[in-house]
Amino acid sequence: MSAPVNSVPLLDVGRANGPLREEFLEALGRVIDSGRFFFGPDVEELEREVAGYSQAAHGVGCASGSDALLLALMALSIGPGDEVIVPSFTFFASVSCITRLGATPVFVDIRPDTFNVDVDALESAISPKTKAIIPVHLFGQCAEIDRICQIGGEHDIPVIEDAAQAIGAAYHSRPAGSWGTVGCFSFYPTKNLGGMGDGGMMTTGDPAMADRLRLLASHGMRPRYHHQLVGINSRLDSFQAAVLRIKMKHLAAGVEARQRNASRYARMFSDAGLVAGDLITLPHRDPAAFHVWNQYTIRVAGGRRDELKAHLAEQSVGSEIYYPIPMHQQKCFDNFRVAGSGLAQTEAAAAEVLNLPIYPELRVDEQSRVVEAIGQYFARANRVAA
Ligand SMILES: *Cc1c(COP(=O)(O)O)cnc(C)c1O
């Protein structure tokens with residue numbers, strides 16, 4: 001199906017994958033011929049490459065970012081009676097890994113500017129039962145991971161980085177996935193290093209932890225048919241690894257293009273007069289963060305977000321809401337505790353955020369169309385209001 005003329009999709013993975021088609025086919029052909037569909041050389045190489053890129057000593061492949069988080073908590077022996085601190089404004093998998101093990105998520109609020117966890121709220125949520133902290137590097141920008149790891153260290157609580165959206169991101173020049181006890185990455189197709197199916201990886205600086213993660217990801221089996229632990233089956237397959245190694249070569253250039261697009265949006269929105277009137281709030285860059293812009297997230301106040309989104313859809317401009325319902329309001333997490341001062345910023349963000357196209361191959365004329373369509377909406381809305 002071809003898109004309507006002039007449409008600007010929220011994401012078009014074909015633009016990155018298309019030009020690499022022949023290279024992919026050749027690499028996939030090699031995997032077919034090798035007959036090694038798991039634990040092959042591509043998986044091992046990718047583990048080394050992602051670990052190197054993230055300045056972590058070890059990388060351990062697994063089947064998804066969701067599994068990476070689950071395996072990290074399993075490796076820490078998290079279970080019933082344990083509490084794990086996590087922001088409520090995140091994707092489901094940051095929380096389900098906790099409840100699946102019978103542990104209790106303690107939801108904390110976010111900062112209104114970066115959408116990342118509020119570190120003061122996080123610190124006050126610590127109790128004697130706290131057994132892990134899961135900061136999420138949301139939208140490609142690191143949480144204040146230096147302070148978070150310092151607090152974790154003071155209380156002897158391990159930090160598991162949910163870096164699913166943040167491969168290549170850094171804080172004070174130190175990469176995501178190198179700070180915590182374990183860093184968790186996803187290769188879901190919409191992520192900055194996106195495969196053609198599911199895939200994930202865990203990074204760690206601790207060889208014993210790497211070994212335990214690897215054991216848990218293969219049924220706790222070592223040697224064959226001798227099970228040391230009750231693990232799960234979570235493998236990164238050689239086809240994904242072969243594809244991802246090719247895409248890895250283009251990751252840094254993709255990040256630069258995303259950063260250029262973000263700066264260009266800032267100029268365009270400002271030139272269009274959309275920033276001055278507080279009609280929209282552009283994403284905030286923490287000066288200590290190297291932002292890799294997996295998402296470009298604006299805020300639309302005054303209850304106009306959904307109307308703006310509908311207007312953009314009419315204009316064939318893709319946009320999405322990440323995330324419309326915070327985790328503490330999900331039916332399946334009904335019975336869990338909200339830390340101290342509540343989640344006002346989380347609920348406000350869920351009502352106001354809107355994600356716009358930011359992928360590396362987005363063209364300048366397409367960005368203009370996005371900005372124009374938003375300007376059009378406010379021009380009309382303000383006429384109606386006047
Ligand atoms: C994508 C994502 C995950 C899960 O990754 P999958 O590979 O899809 O399982 C976890 N946390 C966050 C914040 C994500 O964006």
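Each ligand, and each atom within it, is numbered from 1 in the order the structure gives. Everything numeric here is computed off the predicted structure, so don't read it as measured data. These numbers come from the heavy atoms of this one structure, side chains and all, not from hydrogens, waters or symmetry mates.
Here the closest non-hydrogen pair linking Ser178 and Ser54 is CB-O, 3.1 Å.
Between Trp179 and Tyr171, the angle of the ring planes goes over 60°, which puts this pair in the perpendicular group of the 30/60° scheme. Classification of the Phe239-Phe37 ring pair by plane angle, with boundaries at 30° and 60°, yields parallel.
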Could you list each nitrogen or oxygen of ligand 1 that sits under 3.5 Å from a protein nitrogen or oxygen, with the atom names and the distance?
unit_1	atom_1	unit_2	atom_2	d
ligand 1	5 (O)	Ser186	OG	3.3
ligand 1	7 (O)	Gly65	N	2.8
ligand 1	7 (O)	Ser186	OG	2.6
ligand 1	9 (O)	Gly65	N	3.4
ligand 1	9 (O)	Ser66	N	2.8
ligand 1	9 (O)	Ser66	OG	2.5
ligand 1	11 (N)	Asp162	OD1	3.2
ligand 1	11 (N)	Asp162	OD2	2.8
ligand 1	15 (O)	Gln165	NE2	2.8
ligand 1	15 (O)	Lys191	NZ	2.8

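Phe92 pairs by the ring pair (Phe, Tyr, Trp, His ring centres under 6.0 Å) definition with Phe333, not counting sequence neighbours.
Atoms CG and CD1, on Asn192 and Ile358 in that order, are 10.0 Å from each other to the nearest 0.5 Å.
Evaluated for a salt bridge (Lys or Arg N to Asp or Glu O under 4.0 Å) with Asp42, the options Arg245, Arg36, Arg48, Arg30 yield exactly one hit, Arg245.
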